[in-house]
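Computed over heavy atoms, backbone and side chain alike; hydrogens, waters and symmetry mates excluded.
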Amino acid sequence: MEVNIVQYADSMLSNIREGFFAVDKSWNVCYWSSQAQTFLYKSKDETLGKNLWQLFPEAVNSRFYKMYNRAMHTGEQVHFKEYYPPLKKSFHVSAYVMDNLLAVIFQDVTPIERQALELQKLKQQYNIVTHATTQCIWDWEQHTERIYWHGDTLKALLGYDIVNNYTPLRFWMEIIHPDEKEKVIEEFLNAVENGAQSYNQEFRVKKGDGSYIYVQNHFLLMREKQSNRLRMIGSLADVSPKKELEAKLLQAQKASRELFDEAPLPQWIYSRDNLRFLDVNAAALRMYGYTKEEFLQMTPFDIRPAEEHPNFQHFLEGVNDMEGPVTIRTTHLTKSGERKIVESTSVSFPYLNKSARMVTINDLTEKLKLQQALSEEKERNVKEVIEASIKSQEEEKEYIGKELHDNVNQILASTKMFLEVAEQEIGMREEMIQRSKQNIALAIEEIRQLSRSLVLPGDELSHIATALENLVGIYKLAGKFQIHFKYSKAINNLPITLKVTLYRIVQEQLNNIVKHAGASEVNLALEVRQKRVKVTLSDNGKGFDYDVKKVGIGLRNIKTRVLYYNGTFNIHTKPGAGCTMEISIPLKTAEQDKGIDSTA
């Protein structure tokens with residue numbers, strides 16, 4: 001019977017894929033198939049007639065051992081799957097008793113187990129990815145009318161509850177924003193028609209609460225080889241924050257563009273590589289006279305005279321792109337050839353992925369011309385002051401000469417005569433000597449008055465209010481007119497040279513009033529206010545036509561003195577309406593120009 005079993009086994013099992021062996025009740029191997037050799041790494045010569053547990057001692061007390069004994073002693077068929085560590089293999093086993101032999105059929109399922117394990121790992125990884133990602137993974141096959149959404153991120157992203165992770169295809173079409181639906185579908189159909197393997201779209205979709213968000217839909221397009229049916233796998237991501245950032249960036253770029261284009265000062269940007277102008281604003285086009293197209297074909301060398309080229313080349317070689325703004329003064333040329341003295345401030349920055357430098361131009365030409373004109377005007381004023389001073393000195397000399405000749409000289413001449421009479425006429429000697437003494441005292445007083453009218457007393461320089469009060473007092477005693485004097489105490493703190501100037505101005509104008517105005521009342525006011533000293537001197541005399549009458553030396557001297565201090569001089573008068581002189585001098589100019597400190 002055993003021979004029949006062996007023959008049967010040889011004929012039936014030689015071609016099957018499973019391994020097969022048979023053992024008797026003593027566990028001695030009676031049959032060992034070729035597949036058994038392959039699976040268990042032992043040949044027939046090694047196994048036939050040998051005890052199974054001696055061949056595989058590691059299997060004793062294992063599940064293999066227990067299940068084989070169970071089948072051998074009970075006669076029931078057993079089926080099981082077990083891993084055998086020594087061989088690092090898993091087997092699917094069926095064992096049953098036949099003619100007092102235990103027949104064992106087994107299959108090496110290690111590759112299948114490994115594949116299942118890998119599949120399980122992939123499934124776990126997939127579950128982790130689909131739960132960890134914020135993107136929705138979807139899958140659609142052309143022959144179906146529904147989309148499969150992997151994981152539960154669709155609810156988190158859009159707020160929709162779906163059953164079994166499926167939605168109808170129309171659901172997807174319905175949530176696309178109406179303004180973009182036609183474009184999205186058209187782009188999708190074009191991608192399919194053109195055989196694209198992948199495609200990206202960005203558009204708005206409606207959430208469960210009715211609001212809209214921007215999403216990026218990235219998908220792969222595949223076709224089955226046999227049916228040519230289309231299949232797509234894609235991901236859906238919320239890109240609303242990116243869109244908002246892009247919108248803000250676009251707005252900032254627009255604002256920067258407008259700020260550049262509408263800037264009141266000329267600006268341009270040039271490349272650090274080839275020095276070509278990359279951009280230029282409207283103010284630069286107006287100032288230099290070029291069109292934008294012409295500017296963009298030029299470099300900074302083209303707007304500089306030849307003698308400035310070495311300086312600019314030296315600047316380019318020395319400038320550090322990492323440092324802040326750099327300001328230089330240079331000369332530029334306009335399209336018409338006009339020279340412009342400018343202040344150029346530049347700074348490096350990236351522009352359209354290029355290393356560039358932005359330049360802002362401050363045209364100093366007119367400012368410098370004005371400064372030059374003011375300087376020349378100031379020089380002229382100084383010359384006029386000097387000339388007026390010289391002329392005034394000459395007039396004073398003439399005045400002194402006349403006074404000495406007409407008054408003092410006559411008094412002294414008569415005194416000489418009195419003394420000669422005293423020498424010759426003894427009887428009249430005493431009377432002549434007394435008259436001589438009286439004349440000498442009168443001459444002394446005349447000389448004192450003459451000195452006082454020409455020189456500001458030294459002890460009054462520190463207190464100009466007192467000096468002016470004394471001057472006003474002289475005119476009051478003369479009885480020519482009533483005079484009222486008001487002042488602020490701060491005038492005593494003015495610079496010494498300004499005090500002298502103000503004294504001479506008041507003295508000059510009072511003399512003009514005496515000579516020409518025929519006034520009965522005069523008002524004088526000096527005050528320090530808002531860092532300026534102001535003088536107002538008015539009379540109720542006959543006035544004059546300022547535009548017609550030639551200005552005399554007196555008013556011209558006053559005006560020249562005021563302009564020397566960058567002050568203002570105004571005369572308000574007309575025939576029959578008196579005259580008002582208003583003067584305003586900035587204290588800062590007076591102090592700085594003279595190098596004198598003042599607390600006024």
Undergrad: For Gln371, is there any backbone N or O sitting under 3.5 Å from a side-chain donor or acceptor partner on Ser375?
TA: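 Between the backbone of Gln371 and the side chain of Ser375 there is no qualifying donor-acceptor contact (under 3.5 Å).
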
Undergrad: Could you tell me which non-hydrogen atom of Pro325 sits nearest to which non-hydrogen atom of Thr345, and how far apart they are?
TA: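 Nearest pair, atom of Pro325 first, then Thr345: CB-CG2, 4.0 Å.
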
Undergrad: So do Pro350 and Asn353 actually touch side chain to side chain, heavy atoms under 4.5 Å?
TA: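 Asn353 vs Pro350: side chains apart.
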
Undergrad: Hey, does the side chain of Gln216 reach the backbone of Gln201 with a donor-acceptor pair shorter than 3.5 angstrom?
TA: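 Checked: no pair found.
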
Undergrad: Test Ile361 against Glu343 for side chain to side chain contact (heavy atoms under 4.5 Å, CB included), laying out the working first.
TA: CA-CA 6 Å; Ile361 298 299; Glu343 192 175 68; over 6 Å; no

Undergrad: Under 6.0 Å from the six-membered ring centre of Phe569 and within 45° of its axis: does the NZ or CZ of Lys559 meet both?
TA: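 Negative - Lys559 is either too far from the ring of Phe569 or too far off its axis.
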
Undergrad: Quick check: closest heavy atoms across Asn492 and Lys499, and the distance to 0.1 Å?
TA: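 Heavy atoms of Asn492 and Lys499 come nearest at O-NZ, 2.7 Å.
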
Undergrad: Compute whether any side-chain donor of one residue and acceptor of the other, for Gln438 and Gln434, lie under 3.5 angstrom apart.
TA: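 There is no such pair (donor and acceptor under 3.5 Å, judged by atom type) between the side chains of Gln438 and Gln434.
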
Undergrad: Contact between Thr331 and Val342 at the side-chain level, heavy atoms closer than 4.5 Å - yes or no?
TA: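 No - every pair of side-chain heavy atoms lies 4.5 Å or more apart.
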
Undergrad: Would Tyr288 and His332 count as a close aromatic pair, with their ring centres under 6.0 Å?
TA: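 Between Tyr288 and His332, the centre distance is under 6.0 Å.
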
Undergrad: How about NZ on Lys335, more than 12 heavy atoms from neighbouring residues, nucleotides or ligands closer than 6.0 Å, or not?
TA: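 Enclosed: over 12 neighbouring heavy atoms sit under 6.0 Å from NZ of Lys335.
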
Undergrad: Can you tell if the side chain of Ile583 reaches within under 4.5 Å of the side chain of Asn570, non-hydrogen atoms only?
TA: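 Not touching, per the 4.5 Å side-chain cut-off.
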
Undergrad: Kindly state whether the ring of Phe312 and the ring of Phe301 have centres lying under 6.0 angstrom apart.
TA: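 Ring centroids of Phe312 and Phe301 are less than 6.0 Å from each other.
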
Undergrad: Could you check whether Arg532 and Ser584, counting side-chain N and O atoms only, form a donor-acceptor pair closer than 3.5 Å?
TA: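 Yes, Arg532 and Ser584 have a side-chain donor paired with an acceptor closer than 3.5 Å.
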
Undergrad: Quick one: are Leu524 and Lys486 in side-chain contact, heavy atoms under 4.5 Å?
TA: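 With C-beta onward as the side chain, the pair stays apart.
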
Undergrad: With a 4.5 Å limit on heavy-atom distance, are the side chains of Val347 and Thr360 in contact?
TA: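 A side-chain contact is absent here, since even the closest heavy-atom pair is not under 4.5 Å.
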
Undergrad: Any chance the side chains of Asn511 and Glu508 put a donor and an acceptor closer than 3.5 Å?
TA: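 No, no side-chain donor-acceptor contact under 3.5 Å.
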
Undergrad: Please name the pair of heavy atoms, one in Val528 and one in Leu587, separated by the smallest distance, quoted to 0.1 Å.
TA: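 Answer, listing the atom of Val528 first, then Leu587: CG1-CD1, 3.7 Å.
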
Undergrad: Rounded to the nearest 0.5 Å, what's the gap from CD on Glu376 to CD on Gln372? Could you check?
TA: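 Glu376 atom CD to Gln372 atom CD measures 4.5 Å (nearest 0.5 Å).
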
Undergrad: Could you check if a side-chain atom of Cys579 sits within less than 4.5 angstrom of a side-chain atom of Phe544, using non-hydrogen atoms only?
TA: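 In short, these two side chains touch, coming nearer than 4.5 Å.
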
Undergrad: Tell me whether Asn281 contacts the main-chain N or O of Phe260 through its side chain, where contact means a donor paired with an acceptor under 3.5 Å.
TA: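 Yes, Asn281 side chain to Phe260 backbone: donor-acceptor pair under 3.5 Å.
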
Undergrad: Is a side-chain N or O of Thr573 found less than 3.5 angstrom from the main chain of Gly578, in a donor-acceptor match?
TA: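 Checking the backbone N and O of Gly578 against the side chain of Thr573, a donor-acceptor pair under 3.5 Å is found.
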
Undergrad: Please examine the side chains of Ile513 and Phe481, heavy atoms only from C-beta on, and report whether any two atoms are closer than 4.5 Å.
TA: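 Answer yes - side chains close enough.
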
Undergrad: Take a 6.0 Å sphere around NZ of Lys354 and say whether it holds more than 12 heavy atoms from other residues, nucleotides or ligands.
TA: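 Incorrect, the count does not exceed 12.
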
Undergrad: Can Ile269 and Phe277 be said to form a side chain to side chain contact (heavy atoms under 4.5 Å, CB included), step by step?
TA: CA-CA 6 Å; Ile269 300 168; Phe277 289 114; over 6 Å; no

Undergrad: Is it the case that more than 12 heavy atoms not belonging to Glu317 sit under 6.0 Å from its CD atom?
TA: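 Count over threshold, so yes.
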
Undergrad: Without hydrogens or angle criteria, can the side chains of Thr536 and Glu582 be said to hold a donor-acceptor pair below 3.5 Å?
TA: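 No.
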
Undergrad: What pair of heavy atoms forms the shortest contact from Trp268 to Ala284, and how long is it?
TA: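 Taking Trp268 first and Ala284 second, the nearest heavy atoms are CE3-CB, 4.2 Å.
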
Undergrad: Return the set of residues passing side-chain hydrogen bond (donor to acceptor under 3.5 Å, both in side chains) with Asp279 (not counting sequence neighbours), or none when no residue passes.
TA: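 Asp279 satisfies side-chain hydrogen bond (donor to acceptor under 3.5 Å, both in side chains) with Arg257, Lys292, Tyr351 once adjacent residues are dropped.
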
Undergrad: Would you call Lys340 and Glu338 a salt bridge, using N to O less than 4.0 angstrom?
TA: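 The answer is yes: the pair qualifies as a salt bridge.
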
Undergrad: Verify the distance criterion only: is there a donor paired with an acceptor across the side chains of Arg276 and Thr299 at less than 3.5 Å?
TA: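 Not at all, the side chains of Arg276 and Thr299 share no donor-acceptor pair under 3.5 Å.
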
Undergrad: Set out, in order, the CA-CA distance, both residues' side-chain angles and the distance that settles side chain to side chain contact (heavy atoms under 4.5 Å, CB included) for Leu285 and Phe295, then state yes or no.
TA: CA-CA 8 Å; Leu285 301 180; Phe295 238 116; 3.6 Å; yes

Undergrad: What's the separation between atom CD in Gln482 and atom CG in Asn540, rounded to the nearest 0.5 Å?
TA: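 Gln482 atom CD to Asn540 atom CG measures 10.5 Å (nearest 0.5 Å).
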
Undergrad: Do Asn470 and Thr466 pass the side chain to side chain contact (heavy atoms under 4.5 Å, CB included) test, and can you show the C-alpha distance, the side-chain angles, and the key distance before you say yes or no?
TA: CA-CA 6 Å; Asn470 291 338; Thr466 301; 3.9 Å; yes

Undergrad: Measure the spacing between NZ of Lys242 and CG of Asp238 and express it to the nearest 0.5 Å.
TA: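 Going from NZ on Lys242 over to CG on Asp238, the span is 11.0 Å.
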
Undergrad: Is there a side-chain contact between Leu468 and Tyr503 in this structure, where contact means two heavy atoms from C-beta onward sitting under 4.5 Å apart?
TA: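 Heavy-atom side-chain distance check passes, below 4.5 Å.
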
Undergrad: Strictly below 4.0 Å, N to O, side chains only: are Glu202 and Lys243 in salt-bridge contact?
TA: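 The answer is yes: the pair qualifies as a salt bridge.
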
Undergrad: Count the heavy atoms of every other residue, nucleotide or ligand shown that sit under 6.0 Å from CD of Glu182, and state whether that count exceeds 12.
TA: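 Result for CD/Glu182: open.
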
Undergrad: Return yes if a side-chain donor-acceptor contact under 3.5 Å exists between Ser348 and Arg357, otherwise no.
TA: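 Side chains of Ser348 and Arg357: pair found under 3.5 Å.
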
Undergrad: Any Lys/Arg nitrogen of Glu180 or Arg204 sitting under 4.0 Å from an Asp/Glu carboxylate oxygen of the other?
TA: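 Salt bridge flag = yes for Arg204 with Glu180.
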
Undergrad: Which atoms form the tightest heavy-atom contact between Leu526 and Val535, and what is the distance?
TA: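 What the structure gives for the nearest pair is CG-CG2, 4.0 Å.
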
Undergrad: With rounding to the nearest 0.5 angstrom, report the CZ to CG distance, Arg329 to Asn362.
TA: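 Between atom CZ of Arg329 and atom CG of Asn362 there are 9.5 Å.
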
Undergrad: Looking only at atom types and distance, does a side-chain atom of His177 sit under 3.5 Å from a main-chain N or O of Lys206, one as donor and one as acceptor?
TA: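 Here the side-chain-to-backbone pair does not exist.
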
Undergrad: Does any donor atom in the side chain of Gln297 or Glu293 lie under 3.5 Å from an acceptor atom in the other side chain?
TA: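 Checked: Gln297/Glu293 side chains show no N/O donor-acceptor pair below 3.5 Å.
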
Undergrad: Are there over 12 heavy-atom neighbours, none belonging to Leu370, within less than 6.0 Å of that residue's CG?
TA: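 Counting other residues, nucleotides and ligands, CG of Leu370 exceeds 12 neighbours.
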
Undergrad: If you compare all heavy atoms of Phe485 against all heavy atoms of Ala465, which two are closest, and at what distance to 0.1 Å?
TA: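 Looking at all heavy atoms of both residues, the closest pair is CE2-O, 3.9 Å.
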
Undergrad: Any side-chain to backbone donor/acceptor pair from Glu294 onto Thr291? Under 3.5 Å, distance only.
TA: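 Judged by distance alone, yes, a pair lies under 3.5 Å.
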
Undergrad: So how far is it from Glu431 CD to Ser436 OG, rounded to the nearest 0.5 Å?
TA: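 Rounded to the nearest 0.5 Å, the CD-OG separation comes out at 10.5 Å.
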
Undergrad: If we count only N and O atoms by modelled type, under 3.5 Å, do the side chains of His218 and Asn200 hold a donor and an acceptor together?
TA: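 Their side chains do contain a donor-acceptor pair, which is all the 3.5 Å distance test asks for.
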
Undergrad: Starting at OH of Tyr290, measure out to CG of Leu296 and round the result to the nearest 0.5 Å.
TA: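 Between atom OH of Tyr290 and atom CG of Leu296 there are 13.0 Å.
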
